[in-house]
Amino acid sequence: MCGIVGIVSRSPVNLDLYESLSVLQHRGQDAAGIMTCEDDRFFMRKGNGLVRDVFFKQHMERLRGNMGIGHVRYPTAGCSSSLEAQPFYVNSPYGIALAHNGNLTNTDVLKEQLFLDDMRHLNTESDTEALLNVFAHELQLLAKPDFETEDIFEAVAAVHERCKGGYAVIAMIVGKGVLAFRDPNGIRPAVYGKRETATGTDYMVASESVALQAQGFELVRDLMPGEAVFIEQSGVLHTRQCAENPKLVPCIFELVYFARPDSIMDDVSVYKARLRMGQKLVLKILREHPDHDIDVVIPIPDTSRTSALEVAYHLNVKYREGFIKNRYIGRTFIMPGQTERKKSVRQKLNPIDLEFQGKNVLLVDDSIVRGTTSKQIIQMAREAGANNVYMASAAPPVRYPNVYGIDMPAPEEFVAHNRTVDEIAEAIGADWLIYQDLDDLIEAVQKGNDKLQEFDCSCFDGKYVTKDIDEDYFRRLELHRNDAAKMKRQRSHSAETVEL
């Protein structure tokens, strides 16, 4: 999962881009990058690390221009090499920079096509580089010294034909403008907004509405599935549907875990959706444990707080903050290796003993993936003096890989893989465990926008909307995404030095 942003303004955009990426930092903590454009020149700074660690005063001063794009990354495809920090750049045609959020499911086919048919060289394992070169090739087929906006939209339409998977893309063409588009199923999110100034209208595209709000932009709307938005450097905005059969099937895990609660996605308030998840979850708890002895509800910070509040309210028991979070440790779900994840849980969370001592505690989490974090947290609760430790997940069991941009592990690394709920509870050390039902999760989100008819729930139900996922794909994914493979790629790039 990554965060993207693009701005066309009447004034320098470097600070707005920096602050927007800081707001989107929760979407990726592995690398960050900004590219701006002034006249006919690009200016770029990117590297591994958090936004605050990549950009310093001297870098910001060099990022000149009134339009630019930015990206925060956690590695889905490829590796954690700084070579794969985004945006990527090609000089032909015109000069194009591009960053994206998501994952292409046919990258291997695209790489072969790019080499044999398009005669383009790729320097990394990143699917973003493949996507950029597909777009560049398609635009070059239409190239003329002073291209029309329609040429850009035709190139995007060709990208939709060739690229499969989930993607939200932000691109910039030197001296021309900023382009954004969303995959034909709208799996990955993208919104755009405007800001009126004394000299004209500024436009911004981002992964989440909260980034717009933080910079004083008014949310206009979400990009539709398959839709492209092109903002000329002069400030003129164009939109066009570029897919033949678009259908909105957004990723439901965005609302469960990734998105900030103060964001609006496809006209659904993430905050209210999580409140409703808590309301649904407590009904199941009461069905399965009507005579429960829960003394206190404690969220596992931060994403589960909203749901946990509703659970405590409707159970009529106390809600307490039982864990203090170290704000300087990243999200353990996106840590690259199991050893690092295990170590970071103890560094990230510290229990307040008095909230656990002698109590029957219900821990509420947004979801349970590998189970390693849950197991350690339950153990911490017991060490703090809890009598019994129960656990509830606001999402159903995660049993299948997410192939559209969330770096979930190979299936055998899921704690729910080939286990019943009771077996999962035993594996993580809980006295009992409750999972949200998938129908209830869908209803909790859908209530915010009844026009949403379908969701990508593939990590819960194994149904993949692009219909190009088979056992062979899973075998390749398993070899690529398991922790051993990640560590091997990490070691192969450990001696790398790149000047950015």
Side-chain angles (χ1 to χ4, degrees), residues 166 185-187 189 225 247-259 261 264-290 292 297 299 303-304 306-315 362-369 371 374 390-404 406 408 411 414-425 430 432-467 469:
N185 293 295
I187 298 171
K247 187 177 184 180
L248 183 58
V249 191
C251 174
I252 204 165
F253 206 75
E254 286 274 2
L255 292 105
V256 169
Y257 175 77
F258 267 102
I264 307 291
M265 286 187 165
D266 294 305
D267 292 328
V268 176
S269 163
V270 177
Y271 174 75
K272 287 188 176 180
R274 290 177 183 167
L275 283 176
R276 292 189 291 268
M277 289 176 205
Q279 293 163 9
K280 296 286 186 182
L281 184 60
V282 75
L283 292 176
K284 186 172 182 182
I285 293 171
L286 291 172
R287 285 198 305 271
E288 296 202 2
H289 299 279
H292 71 83
V297 172
T303 319
S304 63
T306 310
S307 297
L309 275 166
E310 284 296 285
V311 170
Y313 176 78
H314 290 284
L315 285 177
L362 174 64
L363 301 178
V364 177
D365 207 350
D366 53 80
S367 58
I368 302 171
V369 183
S374 302
Y390 313 123
M391 191 152 196
S393 167
V398 175
R399 301 187 185 275
Y400 305 91
N402 185 300
V403 302
Y404 301 126
I406 299 176
M408 290 181 174
F414 295 128
V415 70
H417 180 64
N418 288 337
R419 285 190 176 105
T420 65
V421 173
D422 287 342
E423 289 170 340
I424 299 167
W432 53 253
L433 169 65
I434 294 289
Y435 278 105
Q436 184 90 268
D437 290 334
L438 182 56
D439 287 345
D440 286 342
L441 174 61
I442 291 172
E443 188 176 336
V445 176
Q446 199 171 39
K447 191 172 182 181
N449 179 3
D450 57 13
K451 294 180 181 178
L452 289 172
Q453 297 300 308
E454 293 185 45
F455 296 92
D456 168 49
C457 304
S458 53
C459 59
F460 305 125
D461 62 12
K463 298 176 182 178
Y464 296 91
V465 63
T466 54
K467 302 186 186 306
I469 307 303

Pair Y390-I434, side-chain contact (heavy atoms from CB on, under 4.5 Å): steps then yes or no | CA-CA 8 Å; Y390 313 123; I434 294 289; over 6 Å; no
S393 and D365: side-chain contact (heavy atoms from CB on, under 4.5 Å), yes or no, with the steps?
-> CA-CA 5 Å; S393 167; D365 207 350; 5.6 Å; no
Please assess L433 against I368 for the test side-chain contact (heavy atoms from CB on, under 4.5 Å), listing each intermediate value before the final yes or no.
-> CA-CA 11 Å; L433 169 65; I368 302 171; 3.9 Å; yes
Verify side-chain contact (heavy atoms from CB on, under 4.5 Å) between S307 and L281, making sure each step is shown before the conclusion.
-> CA-CA 8 Å; S307 297; L281 184 60; 5.6 Å; no
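When all heavy atoms of H292 and L315 are compared, the pair lying nearest together is NE2-CD2, 3.8 Å. T303 approaches D366 most closely through the heavy-atom pair CB-OD2, 3.4 Å. Taking both residues in full, the closest heavy atoms of E423 and N418 are given as OE1-O, 4.0 Å, listed atom of the first, atom of the second, then distance. Of all heavy-atom pairs between R274 and F258, the closest is NH2-N, 4.1 Å. In terms of heavy atoms, P189 sits closest to E254 at CD-OE2, 3.1 Å. The minimum heavy-atom distance between A395 and V256, with the atom names listed, is CB-CG1, 3.8 Å.
Taking the side chain as every heavy atom from C-beta outward, L452 and I442 never approach each other to under 4.5 Å. Side-chain contact between R399 and F414 is absent, with no heavy atoms from C-beta onward closer than 4.5 Å. K280 has its side chain within reach of Q436: a pair of non-hydrogen atoms, C-beta onward, lies under 4.5 Å apart. Contact of the V421 side chain with the W432 side chain is not registered, since no non-hydrogen atoms from C-beta on lie closer than 4.5 Å. When side chains are defined from C-beta on, I406 counts as touching C251, because their heavy atoms get closer than 4.5 Å. With contacts defined as side-chain heavy-atom distances shorter than 4.5 Å, the pair E454/L248 does not qualify. Side-chain contact between V311 and Y313 is absent, with no heavy-atom pair separated by less than 4.5 Å. Residues C457 and Y400 have side chains not in contact (no heavy-atom distance under 4.5 Å, counting atoms from C-beta outward).
Relative orientation of the F460 and F253 rings is tilted, given thresholds of 30° and 60° on the angle between their planes.
S458 and D456 share a side-chain donor-acceptor pair at under 3.5 Å.
Q446 contributes atom CD, which lies 5.5 Å from atom CZ of F455 (distance to the nearest 0.5 angstrom). Atoms CG and CZ, from L255 and R276 in turn, are 9.5 Å apart once rounded to the nearest 0.5 Å.
Side-chain atoms of N185 do not come within 3.5 Å of backbone N or O of I187 as any donor-acceptor pair. A donor-acceptor pair under 3.5 Å links the side-chain atoms of S304 to the main chain of V364, judged by distance alone. Under the 3.5 Å distance criterion, the side-chain polar atoms of R419 are left unmatched by any main-chain donor or acceptor of I424. The backbone N or O of K451 lies less than 3.5 Å from a partner atom in the side chain of N449, making a donor-acceptor pair. Side-chain N or O atoms of E310 include none that pairs as donor or acceptor with a backbone N or O of M277 at under 3.5 Å. Under a 3.5 Å cut-off, the side chain of D437 and the backbone N or O of D439 do not form any donor-acceptor pair.
For K272, the NZ atom is loosely surrounded, since the number of other residues' heavy atoms within 6.0 Å does not exceed 12.
L309 is linked by a side chain to side chain contact (heavy atoms under 4.5 Å, CB included) to Y319, counting only residues two or more places apart in sequence or in another chain.
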